[in-house]
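What you see is a predicted model, and the numbers here were worked out from it, not measured in a lab. Below, read A as the first sequence line, B as the second, and so on, with proteins coming before strands; counting in each chain starts at 1.
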Amino acid sequence: MNASRYERQLLLEGWGESTQNKLSQKTVFVAGAGGLGAPVIHYLAAAGIGKLRICDSDRVEISNLNRQVLYTENELDEPKARAALKRVSKLNAEIDVEALEERVDASNVNELIAGSDIVVDCLDNYASRLVLNQFAVNTGTPLVHAGVQAMYGQLTFIHTPITPCLRCLLPDKITELSPKPIVGAAAGVMGGLQAMEAIKYLTGMGTNLANEMLLWDGADMNWQVVPIHRDTDCPVCS
Amino acid sequence: MDMADGATIDDLLALLKLPVDTPKVFTVNDTNEKADYVLNDNDFLKIFPMAMGG
Ligand SMILES: [Zn+2]
């Protein structure tokens, strides 16, 4: 480990070399390398997470570039997971990065995520999010959920049975909106917060946003943290 | 707002012509409730849309 690289975080009270070494032994599964995934992947790589598994089945399109700051015009039409791996390898060659050009579904979720210490939900639809959620509930793996749209977003740290699962919070039927409007900087805000939740969990520092949801309205620059609780009739976690 | 006795958050969404099939978080008097919660006099309901994108 190059200590100079991590000098500014090693200075944090309670962090030190042992925490940095701990991070270097962790594996994070990042589901989605889009608007949320871009800041998540950047910050986790920069922090020195040992292994990043980047999962996305899409290719880079020109319409992604207002928010997906992992990519440039040079990567158009490249698989996102592969392009993200290239970018991150330039940022931090000390870490191990795996590019998974797959769409997470019920048939592959166990194989894709097994062995990860935490899952970060950077997906853009609830059908796939619920697959991640089912895995997280089944295995007790923590899941950092965020969503972003227009100029607002939400964040919560899911770790059942201590917290509600994502399904507890959702209606039985969801109609997805596509394409979703978004200001790129809003994805930066919410993705940055997701990276914070993952780093706090992996280092044991700070407190995760468990049993609460942060709701951010960037249009009026208003933050609220509201309580959330398990649905006793939840078909996934109850 | 005036609502019929036994009206739920879902009923209010219908009255306000808000979609029921998009994710939302509800708090009633700062406690998290589901859409089938039966509203009472003087309840203070907040409706927070959950973003769908990533
Ligand atoms: Zn649940």
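Top candidate by heavy-atom pairs under 4.5 Å with chain B, chosen from A:L36, A:T175, A:D217, is A:T175.
The distance from atom CD1 of A:I228 to atom OG1 of B:T31, rounded to the nearest 0.5 Å, is 13.5 Å. Atom CD of residue A:Q224 and atom CG of residue B:D30 lie 9.0 Å apart, to the nearest 0.5 angstrom.
Looking at A:Y152, both its backbone and its side chain come within 4.5 Å of chain B, counting heavy atoms on both sides. At a 4.5 Å heavy-atom cutoff, the contact between A:P171 and chain B is made by side-chain atoms alone. Looking at A:R67, neither its backbone nor its side chain comes within 4.5 Å of chain B, counting heavy atoms on both sides. For B:K24, the part sitting under 4.5 Å from any heavy atom of chain A is the backbone (N, CA, C, O) and nothing else.
Other residues, nucleotides and ligands contribute over 12 non-hydrogen atoms within 6.0 Å of the CG atom of A:N222. Around CE of B:M3, the count of heavy atoms belonging to other residues, nucleotides or ligands within 6.0 Å exceeds 12. The number of heavy atoms from other shown groups lying within 6.0 Å of CZ (A:R230) is above 12. Under a cut-off of 6.0 angstrom, the local environment of OH in A:Y43 is sparse, with at most 12 non-hydrogen atoms contributed by other residues, nucleotides or ligands.
No donor-acceptor pair closer than 3.5 Å links the side chain of B:D21 to the backbone N or O of A:K173.
Of residues 10-20 of chain B, those residues with a non-hydrogen atom less than 4.5 Å from any non-hydrogen atom of chain A are, in numerical order, B:V20. Of all residues spanning residues 47-54 of chain B, those with a heavy atom less than 4.5 Å away from chain A's heavy atoms are B:F48, B:P49, B:M50, B:A51, B:M52, B:G53, B:G54, arranged by number.
Using a 4.5 Å heavy-atom threshold, the side chains of B:T22 and A:I174 count as separate. In this structure, B:K34 and A:D231 have side chains that are in contact, with non-hydrogen atoms separated by less than 4.5 Å.
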